[in-house]
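Structure first, then comments.
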There are 2 protein chains.
Amino acid sequence: MAKIDEVARAAGVSISTVSYALSGKRPVAAETRRRIEAAVSELGYSPNAGARMLAGSRTNIFALSEPLRADSHAPSHMAFMHAMTVAARRADYDMLLLTDEDASAGMSRVAASGLVDAILCLDVAPDDQRVAIARRSATPTLFIGIPDDHAGMVCVDLDFEQATRRAVDRLIDAGHRSLGLLGGSRRAYQRSNFPPRVRRAAQERAVERRATLTAHATGDVVTNRDECRRLIRELVATGVTGLVLHAPEDVHQVALAELAALGLHVPSDVSIVSVGTSFDTGSLSVPLDALPLVPPRSCDLAVDLAIDLVSGRPVAPGLHLIAPAYLDRGSVAPRGALP
Amino acid sequence: MAKIDEVARAAGVSISTVSYALSGKRPVAAETRRRIEAAVSELGYSPNAGARMLAGSRTNIFALSEPLRADSHAPSHMAFMHAMTVAARRADYDMLLLTDEDASAGMSRVAASGLVDAILCLDVAPDDQRVAIARRSATPTLFIGIPDDHAGMVCVDLDFEQATRRAVDRLIDAGHRSLGLLGGSRRAYQRSNFPPRVRRAAQERAVERRATLTAHATGDVVTNRDECRRLIRELVATGVTGLVLHAPEDVHQVALAELAALGLHVPSDVSIVSVGTSFDTGSLSVPLDALPLVPPRSCDLAVDLAIDLVSGRPVAPGLHLIAPAYLDRGSVAPRGALP
DNA sequence: TTGAAAGCGTTACCAC
DNA sequence: GTGGTAACGCTTTCAA
């Protein structure tokens with residue numbers, strides 16, 4: 001509740017010196033700074049946020065646009081919201097949450113009122129309506145994910161295509177010629193931007209390398225484990241020995257359980273690579289190789305870019321893709337290897 | 001980007017009249033108001049948030065403190081964050097997200113800088129350190145959940161005790177004398193405030209009504225389905241015919257699957273009531289009676305109370321409990337009923 | 001029913 | 001290296 005003039009008086013300096021001492025935007029004598037810092041902690045001074053926003057050029061607040069549809073995969077979305085909030089705090093930014101219809105409408109609102117310095121969009125859909133809003137807005141807006149129409153937009157994402165190609169290559173290099181891809185729910189394919197990217201990349205790479213690849217979406221495993229089991233049996237029956245998984249944790253669990261039930265061993269009977277997953281594939285019943293989607297990596301980059309934009313530094317519009325790391329956990333073996 | 005004086009000029013009035021027309025804090029002639037509204041939408045005027053915060057007495061921002069521990073149950077937490085954000089928007093409030101260490105430390109920060117009008121605490125632990133912070137802070141703070149030491153604090157929650165008693169009563173009234181309680185993971189019992197409340201209430205009620213009740217925590221079902229299955233078999237083997245569930249969705253699924261595997265029919269062999277769950281127990285393989293935890297109900301109440309506090313209206317410190325509704329889905333039958 | 005003007009608490013420019 | 005002070009854009013009191 002103490003104000004800057006009280007601090008100034010206590011330290012025996014002017015308010016502008018207090019301001020500069022705290023912002024570091026102007027050199028202040030060591031001794032002066034010491035007295036000011038003493039006064040600050042003595043009085044428990046904390047600059048008023050409203051006054052700062054009004055006088056300064058920044059609010060130090062980002063908006064996080066997260067549609068949070070009722071049926072979206074909570075754990076991954078949570079991981080991203082969390083990572084983004086932590087990344088923002090590291091840069092001394094607070095995070096304002098926009099959900100629901102407000103994830104779109106709220107963008108214009110908080111931008112127009114100057115409440116936030118930039119907007120970060122999660123859960124990006126192929127036909128995301130937020131692109132249109134971002135184009136109209138003067139507030140820097142970043143997408144974590146890639147909308148179909150992203151011309152002129154700044155987008156941050158894992159390089160899913162590269163991750164997928166590396167997964168396919170890894171299996172083919174191990175001698176597997178008949179591959180299967182098990183993706184997430186059908187809804188995810190319509191609503192998220194990356195499942196189709198993974199499928200397309202896998203199919204193209206398989207063609208390039210003259211292997212065969214069968215792609216399947218699973219149902220929602222929560223409500224239908226059997227569908228997932230059936231798909232596994234079907235893939236195995238057609239001779240698939242290399243499996244690419246791009247799906248939530250429960251799909252991985254069911255797939256591994258079904259393979260075990262069929263008496264098939266990983267990796268000697270079936271080799272598996274998990275692509276773009278954001279949970280720990282090392283703690284599954286069989287640890288799986290993975291090219292993971294690591295939320296903090298995307299979020300740190302997004303925050304860095306947002307701050308560049310806010311600071312007026314040039315940022316290339318277009319895709320800012322993160323190179324995937326390959327985590328080897330021994331779930332790929334040469335075709336026909338012994339257990 | 002238009003400012004209030006431009007609106008005033010365009011409408012041919014003073015800036016104070018524009019302010020009053022928009023806030024409604026003073027009557028404005030219908031015709032004057034019309035011209036102002038026209039100018040507002042013409043110019044796309046939106047009041048500057050910083051200026052408002054500085055000049056006015058409110059920021060129209062709440063903080064949402066959500067520790068978001070890595071292993072917390074994402075879907076429920078998501079549901080609460082979502083419901084709270086929606087409730088706040090209905091009252092024209094934005095939500096600032098505090099997670100991680102910042103869920104505690106950030107409270108003092110945003111309070112001291114006057115960034116928020118009130119703080120709403122989710123994911124409340126029995127020994128929640130945020131209570132101490134709230135006591136020191138002048139910013140109104142509400143808890144959604146009940147810390148052990150909540151003297152002087154405003155807490156909103158489902159009346160878990162009443163819900164549990166009603167569940168136990170329902171089973172006993174149907175003739176079941178040997179009851180089982182299946183709770184969530186052991187970690188939940190240490191970290192959340194309500195699992196112990198449910199267990200205690202169930203045990204006390206069973207004693208009062210001279211029935212027997214065996215309580216079990218399940219392991220984390222994600223990593224250990226078998227433990228959950230074993231508990232069900234154990235309960236059934238000891239003659240339990242009435243089951244109270246207070247656990248995440250996956251525990252419900254595994255429990256129902258195991259009962260089916262044992263050839264037991266719900267409700268004729270085993271009757272079940274689910275307590276304090278926030279997913280739809282009606283869409284399980286067997287629809288279950290429930291006394292649900294409905295996030296929007298808690299959140300709407302919390303926001304209402306927060307606004308009362310911000311407005312200086314008196315709010316009784318202590319527990320603000322929400323009476324549970326009983327959803328009858330036919331999962332309780334008289335003991336010994338035919339299928 | 002409306003207007004003028006005094007704050008609100010910083011930041012940052014201009015002097016010294 | 002430091003101080004004075006004019007913005008920043010709104011809310012609200014006081015006057016008319």
Side-chain angles (χ1 to χ4, degrees), chain A residues 1-37 39-40 43-61 92 110-117 310-312, chain B residues 1-37 39-40 43-61 92 110-117 310-312:
Chain A
M1 288 296 131
K3 301 185 298 178
I4 197 171
D5 57 344
E6 308 181 36
V7 174
R9 211 169 310 130
V13 297
S14 71
I15 59 174
S16 56
T17 300
V18 174
S19 178
Y20 285 119
L22 295 180
S23 71
K25 294 189 180 175
R26 195 167 85 170
V28 169
E31 163 59 12
T32 310
R33 146 165 288 124
R34 204 199 49 67
R35 290 210 315 282
I36 292 175
E37 277 162 4
V40 163
L43 297 170
Y45 169 72
S46 182
N48 178 281
R52 253 189 153 160
M53 289 169 62
L54 182 57
S57 49
R58 298 182 179 193
T59 68
N60 275 271
I61 303 177
D92 199 30
V110 297
S113 66
L115 220 198
V116 305
D117 292 338
V310 169
S311 309
Chain B
M1 291 298 130
K3 300 184 300 178
I4 197 171
D5 57 343
E6 307 182 37
V7 175
R9 210 169 311 127
V13 295
S14 70
I15 60 174
S16 56
T17 300
V18 173
S19 178
Y20 285 119
L22 294 181
S23 71
K25 294 188 181 177
R26 192 168 87 171
V28 169
E31 164 59 12
T32 310
R33 145 163 290 124
R34 204 198 48 67
R35 288 210 314 280
I36 292 174
E37 278 161 2
V40 163
L43 297 169
Y45 169 71
S46 181
N48 179 281
R52 254 191 152 160
M53 289 170 62
L54 183 57
S57 49
R58 300 183 179 193
T59 68
N60 275 272
I61 303 177
D92 198 29
V110 297
S113 66
L115 220 198
V116 305
D117 291 338
V310 169
S311 310

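Below, chains carry the letters A, B, ... as their sequence lines are ordered, and counting in each starts from 1.
Remark: B/Ser311 engages B/Arg58, B/Ile307, B/Arg313 in a side chain to side chain contact (heavy atoms under 4.5 Å, CB included) (not counting sequence neighbours). Under the side-chain hydrogen bond (donor to acceptor under 3.5 Å, both in side chains) criterion, A/Asp117 pairs with A/Thr59, A/Tyr93, sequence neighbours left out. For B/Leu54, the side chain to side chain contact (heavy atoms under 4.5 Å, CB included) partners two or more places apart in sequence, or in a different chain, are A/Asn48, A/Ala51, A/Leu54. Residues satisfying the side-chain hydrogen bond (donor to acceptor under 3.5 Å, both in side chains) criterion with B/Arg26, sequence neighbours excluded, are absent altogether.
DNA chain C is contacted by both A/Asp5 and B/Arg33; B/Arg33 maps to the nucleotide lying nearer its 5′ end (nearest heavy atom per residue).
Here chain A contacts DNA chain C (any atom closer than 4.0 Å to a heavy atom, that is under 4.0 Å), and the contacts span C/dG9 to C/dC14 from 5' to 3'. With a heavy-atom cut-off of 4.0 Å to chain A, the contacted part of DNA chain D has its first and last nucleotide at D/dG1 to D/dG9.
Listed in residue order, the members of residues 43-55 of chain B having a heavy atom less than 4.0 Å from DNA chain D are B/Tyr45, B/Pro47, B/Asn48, B/Ala51, B/Arg52, B/Ala55. The stretch residues 8-25 of chain B touches DNA chain D through B/Ser16, B/Ser19, B/Tyr20, B/Lys25, each having a heavy atom under 4.0 angstrom from the strand.
Within the 4.5 Å cutoff, no side-chain heavy atoms of B/Val28 are placed close to those of B/Val13.
For residues 12-22 of chain A, the side chain to side chain donor-acceptor pair (under 3.5 Å) pairs, not counting sequence neighbours, are A/Ser14-A/Ser16, A/Ser14-A/Thr17.
Checking B/Arg34, B/Arg35, B/Arg33 one by one against B/Glu37, the salt bridge (charged side-chain N to carboxylate O under 4.0 Å, His left out) holds for a single residue, B/Arg33.
Atom-to-atom distance recorded for B/Ile61:CD1 and A/Ile61:CD1 is 5.0 Å, nearest 0.5 angstrom.
Defining each end axis of the helix from C/dT1-D/dA16 to C/dC16-D/dG1 as the rotation carrying four pairs' C1' atoms onto the next four, with five pairs an end, the two axes are found to diverge by 30° to 10 degrees.
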Donor-acceptor pairs are to be reported for all side-chain atoms of residues 5-12 of chain B against protein atoms at under 3.5 Å, with residues two or more places apart or in another chain.
from	atom 1	to	atom 2	distance (Å)
B/Glu6	OE2	B/Lys3	N	3.3

